[in-house]
Amino acid sequence: MAIGRRTILAGRFQIEETVGAGGMGIVARARDLHNDCDIAIKILHKLNPSAHDQERFAREARVLSQLRHPGIVSYVAHGQTPEGQHFLAMEWLTGEDLQQRLRRQYLTVGESLTLLRGIARALREVHDHELIHRDLKPSNLFLRDRDLEKVTLIDFGIARQEIHFNDQPLTQTGLVVGTPEFMAPEQARGQQDIGPSADIFSLGCILFTCLVGAPPFAGEYVAATLAKILFEDPPNLKSLRPELPDSLATVLSRMLAKAPADRIANARVLSEILD
């Protein structure tokens, strides 16, 4: 089945235009004929995807279907075409992602804290469901209507249940999963037994980027970036921006602790600290 404009999936979703494409599939804007509204729909490229791709796709649908929060993109439906192509339907978001915003300028302290509080509230919902996002980065934080107060978590493609639950891993120990500049040391080592504090480390990298204009651990090559994450301390925030409050620098330092045990444990604890 060729997916093109006016194609109707599941007797309900009418494709209007393709808005993005990646290694696994395409993302399109479609019309939900049942509810008369626009939705985003992700469709696997392959007619016969690997078991790994199918499970990863199914896991994203399963994760989203569990979560209900204004700061998390909403699940609508998932299924297959008659030819076997898997699809996932989500709410359509209008605005820009944080990466686009940061290309124009980094954020003020007030803006950064507004963003951090919003992400922490949404991420608390994720962590309270004993889930880990595993790929927090500016391009996965969407600003509805370009409003920092409406930050929304997207792309749960590599999210997973905490390791002590009955959820089979999609990756082998030793395989690095995530985006290098924003991953925690335990992810950089390819560990399977990561917890919610890995998301807190990633969020710390995002906060640093918002305030300074560049991630705290960035190298010319992936290997150099991973080495910095594992072995180097982040640049001193106060030396780069002396006017920033000590309390903010202290929170950021706790978010970027190398050892998970020394880090802020999860989004619930972070929310309480920010409050």
Side-chain angles (χ1 to χ4, degrees), residues 22-23 60 63 71-73 96-103 106-107 111-113 115-124 126-127 131-143 148 151-160 170-171 175-192 194-237 240 248-249 251-260 262-267 270:
E60 180 174 12
V63 166
I72 299 172
V73 63
E96 65 179 354
D97 63 45
L98 180 61
Q99 181 172 286
Q100 293 170 308
R101 174 66 173 268
L102 292 176
R103 286 196 187 111
Y106 56 74
L107 306 183
E111 289 172 332
S112 298
L113 287 173
L115 181 82
L116 184 61
R117 287 190 181 97
I119 302 168
R121 285 192 294 267
L123 194 60
R124 177 174 170 172
V126 177
H127 291 171
L131 296 162
I132 308 163
H133 188 284
R134 295 206 302 170
D135 198 19
L136 291 178
K137 56 185 176 181
S139 62
N140 282 342
L141 301 177
F142 197 88
L143 310 178
L148 290 165
V151 62
T152 303
L153 296 180
I154 62 173
D155 198 346
F156 285 75
I158 63 171
R160 63 173 297 174
L170 292 181
T171 54
L175 181 63
V176 175
V177 176
T179 302
E181 291 84 357
F182 299 95
M183 66 171 54
E186 56 269 33
Q187 287 178 277
R189 286 191 290 268
Q191 292 178 205
Q192 284 290 334
I194 67 170
S197 67
D199 285 341
I200 299 301
F201 188 96
S202 298
L203 189 49
C205 292
I206 292 170
L207 176 60
F208 188 98
T209 304
C210 290
L211 293 168
V212 176
F217 308 101
E220 187 174 356
Y221 303 104
V222 171
T225 298
L226 297 180
K228 287 186 175 185
I229 290 170
L230 290 170
F231 304 115
E232 294 186 12
D233 292 329
N236 186 286
L237 183 63
L240 295 171
L248 180 58
V251 170
L252 182 59
S253 177
R254 291 182 62 193
M255 295 173 76
L256 293 177
K258 299 289 187 190
D262 297 333
R263 207 178 297 150
I264 293 171
N266 53 49
L270 177 60

Distance-only donor-acceptor pairs under 3.5 Å for side chains of residues 210-224, two or more places apart:
none

Are the side chains of Ile132 and Ile194 in contact, using a 4.5 Å heavy-atom criterion? yes

Short side-chain donor-acceptor distance under 3.5 Å, Ser197 and Asn266: no

Distance in Å, Leu116 CG paired with Arg121 CZ, rounded so as to fall on 0.5 Å steps: 10.0 Å

Side chain to side chain contact (heavy atoms under 4.5 Å, CB included) for Leu107 and Leu102? Distances and angles first, verdict last. CA-CA 8 Å; Leu107 306 183; Leu102 292 176; 4.1 Å; yes

Is the shortest side-chain N to carboxylate O distance from Arg101 to Glu111 below 4.0 Å? yes

Can a donor-acceptor pair be found, under 3.5 Å and without considering hydrogens, that links the side chain of Lys258 to the backbone of Asp233? no

Please report the closest heavy-atom contact between Leu240 and Pro235, naming both atoms and the distance. CD1-CB, 3.9 Å

Under the side chain to side chain contact (heavy atoms under 4.5 Å, CB included) rule, what do Leu256 and Cys205 come out as? Steps first, then yes or no, please. CA-CA 7 Å; Leu256 293 177; Cys205 292; 3.9 Å; yes

For a ring pair (Phe, Tyr, Trp, His ring centres under 6.0 Å) with His133, tell me which candidate from Phe201, Phe156, Phe182 qualifies. Phe156

Interatomic spacing from CG in Leu226 to CE in Met183 - rounded to 0.5 Å: 6.0 Å

Name the residue from Val251, Leu248, Leu237 that meets the side-chain contact (heavy atoms from CB on, under 4.5 Å) definition with Leu207. Leu248

Are side-chain heavy atoms of Asp97 and Leu141 found at a separation under 4.5 Å? no

Sequence neighbours excluded, which residues qualify as ring pair (Phe, Tyr, Trp, His ring centres under 6.0 Å) partners of Phe208? none

Quick one, Leu153 with Asn140, criterion side chain to side chain contact (heavy atoms under 4.5 Å, CB included). Give me CA distance, side-chain angles, the key distance, then yes/no. CA-CA 6 Å; Leu153 296 180; Asn140 282 342; over 6 Å; no

Can you name the nearest heavy-atom pair linking Ala184 to Ile229, along with the distance? C-CG2, 4.1 Å

To the closest 0.5 Å, what do you measure between CG (Asp262) and OG (Ser253)? 10.0 Å

Between CG on residue Leu98 and CG on residue Leu148, distance to nearest 0.5 Å: 7.5 Å

Atom of Asp199, atom of Arg134 and distance for their closest heavy-atom approach: OD1-N, 3.0 Å

Who pairs with Glu96 by side chain to side chain donor-acceptor pair (under 3.5 Å), at least two apart in sequence or on another chain? Arg104

Show your working on salt bridge (Lys or Arg N to Asp or Glu O under 4.0 Å) between Arg263 and Glu186 and close with a plain yes or no. CA-CA 12 Å; Arg263 207 178 297 150; Glu186 56 269 33; 2.8 Å; yes

Carefully, step by step, assess Val126 and Ile72 under the rule side chain to side chain contact (heavy atoms under 4.5 Å, CB included). CA-CA 9 Å; Val126 177; Ile72 299 172; 3.8 Å; yes

Does this structure show an ion pair linking Glu181 with Lys228, if we count only N-O contacts that are shorter than 4.0 Å? no

Can you name the nearest heavy-atom pair linking Leu270 to Ile264, along with the distance? N-CG2, 3.8 Å

Nearest heavy-atom contact between Ala267 and Leu123 is CB-C, 3.5 Å

